[in-house]
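Encoded as structure tokens, the structure appears first; notes follow it.
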There are 2 protein chains.
Amino acid sequence: MTDAKSTEEKILEAAKQEFLEKGFSGARMEAIAQRAGINKALLHYYFRNKERLFEEVFAYFFRQILPGLRQIVESDAPVLDKMDRFVQHYIDFLRRNPDLPLFIMHELRTGPKERLRSLVEKKMTEFEYVRSFIMQIAMAGARGEIRAVPPLHIVLNVVSMCVFPFVARPMLMGVTGISETDFEELLEQRKTVVADFIRAALKP
Amino acid sequence: MTDAKSTEEKILEAAKQEFLEKGFSGARMEAIAQRAGINKALLHYYFRNKERLFEEVFAYFFRQILPGLRQIVESDAPVLDKMDRFVQHYIDFLRRNPDLPLFIMHELRTGPKERLRSLVEKKMTEFEYVRSFIMQIAMAGARGEIRAVPPLHIVLNVVSMCVFPFVARPMLMGVTGISETDFEELLEQRKTVVADFIRAALKP
DNA sequence: GTCTATAATTTGATAGAC
DNA sequence: GTCTATCAAATTATAGAC
């Protein structure tokens with residue numbers, strides 16, 4: 001197919017980059033136009049204003065926040081295996097989208113509160129899977145399959161350990177002084193280290 | 001004493017709030033002036049421009065990022081006890097400064113890269129303690145006191161589990177639908193849950 | 001649909017009186 | 001030190017030709 005991207009697609013692509021790098025208030029319409037290889041006026045032709053363009057981009061990223069969770073949660077593997085799979089899959093995903101979490105968190109924190117509510121209402125599906133997962137963990141705990149730890153905290157721990165390195169990346173590299181490639185290596189190790197850590201922590 | 005705050009202090013106080021809430025690019029000098037009960041001109045009298053005022057504020061917050069670490073690391077308690085103490089102490093600190101991590105991370109990510117370097121050079125003391133802690137963990141692992149897990153990953157895990165709930169707070173409350181007070185309760189529980197989790201994960 | 005030119009607004013910063 | 005008034009620059013948004 002390799003058909004040239006439509007102008008609208010080019011704009012969205014450019015806007016994603018700019019907003020991701022600078023955040024809403026730091027992003028510049030002019031910069032987005034340049035990235036897209038067009039001029040400002042055309043931005044406003046396709047998307048009325050900065051706010052609307054941002055909403056489009058933000059909603060797109062928000063939908064991606066927990067990819068592939070369904071497959072994992074709905075399978076009939078033991079919960080510990082599901083956690084393994086989640087950790088591996090999620091860290092790989094974040095390596096391809098390293099700025100996503102910080103972007104979402106910052107905009108959720110600084111932006112208007114309606115932003116979250118409207119999105120949660122539409123895209124509750126992923127969140128349903130989170131709740132399902134929590135239930136499954138609770139049941140596994142009840143039947144002694146794993147150690148009794150409050151399920152919500154378990155999920156929090158798992159996600160924390162996956163996401164945090166990406167959020168804290170600049171600090172981490174500043175403190176340890178490790179290189180770009182060492183950091184990548186660290187993330188690769190982390191897929192198994194974190195999975196092991198969780199298994200050990202939940203051993204009955 | 002109860003002496004009225006000096007104008008400079010009022011400005012800094014106001015600037016901390018504004019920058020913390022909105023970030024550098026989202027903050028408005030006008031808003032800071034209003035919060036401080038003065039006018040814009042006076043801001044520029046005390047701090048030449050927005051950038052300088054921000055640097056002041058940012059450096060202040062940055063210094064606070066790992067409070068009380070020294071006491072914990074330098075004591076001669078077993079490493080696991082130190083981790084307990086760190087978790088309890090750090091979560092309590094973050095409850096009093098819930099927006100600190102996200103603010104630092106976002107500005108480190110979006111701001112000029114010199115920002116980090118200059119601060120790291122000055123305030124390496126806290127980071128030294130982190131490195132000491134990592135060494136202590138490595139040694140504890142070598143003598144079988146804890147399970148053999150790469151020390152850097154252990155520290156990452158500990159910090160992750162403490163910090164992440166604060167970074168992800170809006171998302172967390174959106175997903176689970178829990179109330180403000182329930183969230184506080186969750187954090188309180190977390191002090192012991194996380195400490196336990198780590199102990200279990202590191203049991204030889 | 002796309003552009004150039006320009007308006008309208010916001011916002012950081014300064015001049016100068018008190 | 002503090003204020004009012006104002007400027008200059010940056011930035012979003014629109015008008016109108018092609």
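Chain naming here is simple, since letters A, B, ... match the order of the sequence lines and numbering starts at 1 in each.
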Touch class at under 4.0 angstrom, heavy-atom based, for A:A27 against every strand present: sugar-phosphate
Distance-minimising heavy-atom pair for A:I65 and B:M171: CG1-CE, 4.4 Å
Short side-chain N/O contact from A:N39 to OP1 or OP2 of C:dT4, under 4.0 Å: yes
cation_pi(B:K16, B:Y60) dist<6.0 Å, angle<=45: yes
A:F24 CZ to D:dT11 C1', straight-line distance once rounded to whole Å: 12 Å
Interatomic distance where CG belongs to B:L42 and P belongs to C:dC18 [whole Å]: 18 Å
Between P of D:dA15 and CZ of A:R48, the distance in whole Å: 11 Å
d(OH, A:Y45; C1', D:dG16) in whole Å: 14 Å
Sugar-phosphate, base or nothing in reach of B:I38, heavy atoms under 4.0 Å: sugar-phosphate
Nearest-nucleotide comparison on DNA chain D, the residue closer to the 5′ end among B:T7 and A:A41: B:T7
Phosphate contact (D:dT14 OP1 or OP2) by A:H44 side-chain N/O below 4.0 Å: no
Shortest non-hydrogen contact from B:P165 toward B:M161: CD-O, 3.4 Å
Length of the CZ-C1' vector between A:F54 and D:dT12, whole Å: 16 Å
Atom-to-atom span, NZ of A:K22 to P of D:dT12 - whole angstrom: 11 Å
salt_bridge(B:E18, B:R35) N-O dist < 4.0 Å: yes
Whole angstrom value for the distance that separates P of D:dA9 from NZ of B:K50: 18 Å
Candidate nucleotides D:dG1, D:dA13, C:dG12, ranked by approach to the side chain of A:M29 - the nearest: D:dA13
Euclidean distance, B:L20 CG relative to B:D99 CG, rounded to 0.5 Å: 5.0 Å
side-chain N/O A:Y46 vs C:dT2 OP1/OP2, d < 4.0 Å: yes
Interatomic distance where CZ belongs to B:F47 and P belongs to C:dG12 [whole Å]: 16 Å
Below 4.0 Å: OP1/OP2 of D:dT12 and any side-chain N or O of A:R28: yes
